[in-house]
Protein chains: 2
Amino acid sequence: MKEKGKKITIYDVAKAAGCSTATVSLVLHNDKRIKEETRNKVRECIKTLNYKPSYLARSLAIQRTQSIGIIVPEMTNPVFSELVHGAEGYLSQNGYNVIIGSTNQDLDKEKLYLDMLSGKKVDGLIILPTFLSEIEDKLKDMQAMHFPFVVTGVKSSMKNVNYVSTNKVEGAFIGVEHLIHRGHKNIAFVRGSEVEEHSSERLEGYIKALNVYGIPFREDYIIKSRQDFSDVREKVRGFKKEHPEVTALFCLYDFIAMAVMKALYDLKLSIPKDVAVVGYDNIQLGEYLPVGLTSIDGNNYKVGEIAARILVNQITSDAEEIQHIILTPKLVIREST
Amino acid sequence: MKEKGKKITIYDVAKAAGCSTATVSLVLHNDKRIKEETRNKVRECIKTLNYKPSYLARSLAIQRTQSIGIIVPEMTNPVFSELVHGAEGYLSQNGYNVIIGSTNQDLDKEKLYLDMLSGKKVDGLIILPTFLSEIEDKLKDMQAMHFPFVVTGVKSSMKNVNYVSTNKVEGAFIGVEHLIHRGHKNIAFVRGSEVEEHSSERLEGYIKALNVYGIPFREDYIIKSRQDFSDVREKVRGFKKEHPEVTALFCLYDFIAMAVMKALYDLKLSIPKDVAVVGYDNIQLGEYLPVGLTSIDGNNYKVGEIAARILVNQITSDAEEIQHIILTPKLVIREST
DNA sequence: TTGTAGGCGTTATCAT
DNA sequence: ATGATAACGCCTACAA
């Protein structure tokens, strides 16, 4: 056991093994040029000294970290964690390890992570922005310095930036269309507490579907709330009493749909007989609700995978062309409709 | 990235501003010693050159990263993400940023992250191990080199290692006790597909409760499965047909409880009239199920926070005493019992 | 097969 | 108030 505080470096190993740091370095990388004998000697010293190389110093020297960063708003949301999971799969396949920075929807943190990670802590970045418009400057800077990154999880307004995403307008459209096909005319949109930026596309799809099928859009059919769970539950109860004619609820995402369903149970209403419910995201849990939840699947796993592929390609092949990939969501029908 | 544009360093800024790198560095850190005039000049050059400091080089120089790593089995599990969230709160309060390494329950990845992050990429580590016994060696190494870390999320068998955790034996005990108080005698334990290591404590608590109340333990009341969701659902259906006398199910965790509830609905049974269900972890969703789920709350947010506090304390004050903290879980009663 | 030495981008200690 | 320059720990031509 070493003296406290004294960190042991490649130099210590070299001294102990009676060779140069270069030799130790080569042994560390299993270079065949080193004689069996010296190699063993070095390995022995590494063991007994309990030497661990500094990835920091190594990265600085080789100008590469072999790790890529993912910036996410929060990991409690299954949509994000699925996406991350998809990216991780591809990346670790390809020799990269993944570092996640969770911003908790905090703009300063988002900026900080952007700076930190692009400051060479990682070789590239997959960004799921919470505040896309506020970080455009930083993205431009990153582009200017040719730091590889891809944006995902939102519609990027920057035309010259890599991004992969899903068509949420289309997703909402097929969800509402499905409701219409089921005979519903009075369909409300439960928007929860989500910010404009992350709900506008789905709202657009909702309105589009109504238009296409000649159903007038009513502003008062949009249910907003302050928080996602308890407040939605309350608001929906109130809404349904005021609007008994409404027989279907399209929800911004599955968690909201769960709160909505809870509210309907509170009112002793049956799903889908009295009211039909459609969610968005198709989280795994939806299948295990007592009444399985019909939902829109954005295939987030795939989104993550594709983002990772684009990123790795850009890093390794120095490709410069911008890629925009938009996947089309699928309707998953269960008992709630 | 490549020859596209040479990466611009603090040296370039110094040259452009007609001063030394030392001066630039001082400006970068808002040191008051620098004359207003030069400071502005330097800032201007930084802007126009679009200079971003290398956190890598900086960390190497100051021997500190101001970031701490959290190694988790997976982020899709709310238990882990809550814990991480708790840690993040405390850490960012205290000027650290957090880097998450998700191992996806892969031993090699777990080892890799351990090496990487302790290789000075971070100043300290919070570890939620999947394979505690397999990484003990690495933990010992880290101790030997005085690298700060704390283990959590499991019972650590290493007596001389920091860890904070919850008493899952106790948690399961109060869950099963609650069921017994409700008049149940025949209580099954739904174990799902979880590995021995992560279910043994709760099993112990289950058995203990039975013993205390004079109920014989039956091996065939333990329901195992291959996967967590669809398989549990199937297995529970089969089990309930074979054992109609069983009126209560204690589940290893809430997700399993959800699959269990689904199975009971499949059988047209009512909860809690026909069968009572208790989960574990008290995930937020439990409240929003049509029949609210009674569960055990381990206060994982707090666990993460405490782990973070211990870690920071160890880093900053060089404290050497080992800390073992065990929180006691609470019963949260809802409609399922 | 192995050693020498310069470089990676910052910081920090002396000087000036 | 600012500048030189030696660390920080490792890699890698280029030598030997």
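So you know, we letter chains A, B, ... as the sequences are listed, proteins then strands, and number each from 1.
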Each nucleotide in nucleotides 6-16 of chain D should get exactly one letter: B, S or -. Can you fill that in based on protein heavy atoms under 4.0 Å? --BBBSB----

Is the closest side-chain heavy-atom distance between B/Val13 and B/Leu28 below 4.5 Å? no

Could you check B/Val42, B/Thr38, B/Leu26 and say which one makes a side-chain contact (heavy atoms from CB on, under 4.5 Å) with B/Cys19? B/Val42

Tell me, do A/Phe149 and A/Val161 make a side-chain contact under 4.5 Å, heavy atoms counted? yes

If the helix axis at each end comes from five base pairs, how far does the helix from C/dT1-D/dA16 to C/dT16-D/dA1 deviate from straight, to 10°? 40°

Kindly give the heavy-atom pair with the smallest separation between A/Gln314 and A/Pro148, and that separation in Å. OE1-CA, 3.5 Å

Determine the contact category for B/Gly18: base if any of its heavy atoms lies under 4.0 Å from a base atom, sugar-phosphate if only primed atoms, P, OP1 or OP2 are that close, otherwise nothing. sugar-phosphate

Quick one: how far along DNA chain C does chain B reach, first to last nucleotide 5' to 3', anything under 4.0 Å to a heavy atom? C/dG9 to C/dA12

Treating A/Ser118 as the side-chain partner and A/Asp115 as the backbone partner, does any N or O pair qualify as donor plus acceptor under 3.5 Å? yes

Does A/Ser59 reach a base, just sugar-phosphate, or nothing at all? Heavy atoms under 4.0 Å. nothing

Looking at A/Lys138, I want to see if its NZ is surrounded by more than 12 non-hydrogen atoms of other residues, nucleotides or ligands under 6.0 Å. yes

A/Pro73 to A/Ser102 - nearest heavy-atom pair and separation: O-OG, 3.9 Å

Distance-minimising heavy-atom pair for B/Tyr163 and B/Ile326: CE1-CD1, 3.6 Å

Do A/Ser59 and B/Lys121 come within less than 4.5 Å of each other through their side chains, counting heavy atoms only? yes

Taking A/Ile70 as the fixed residue, which of A/Leu83, A/Val122, A/Ile127, A/Val84 is the one that meets the side-chain contact (heavy atoms from CB on, under 4.5 Å) rule? A/Val84

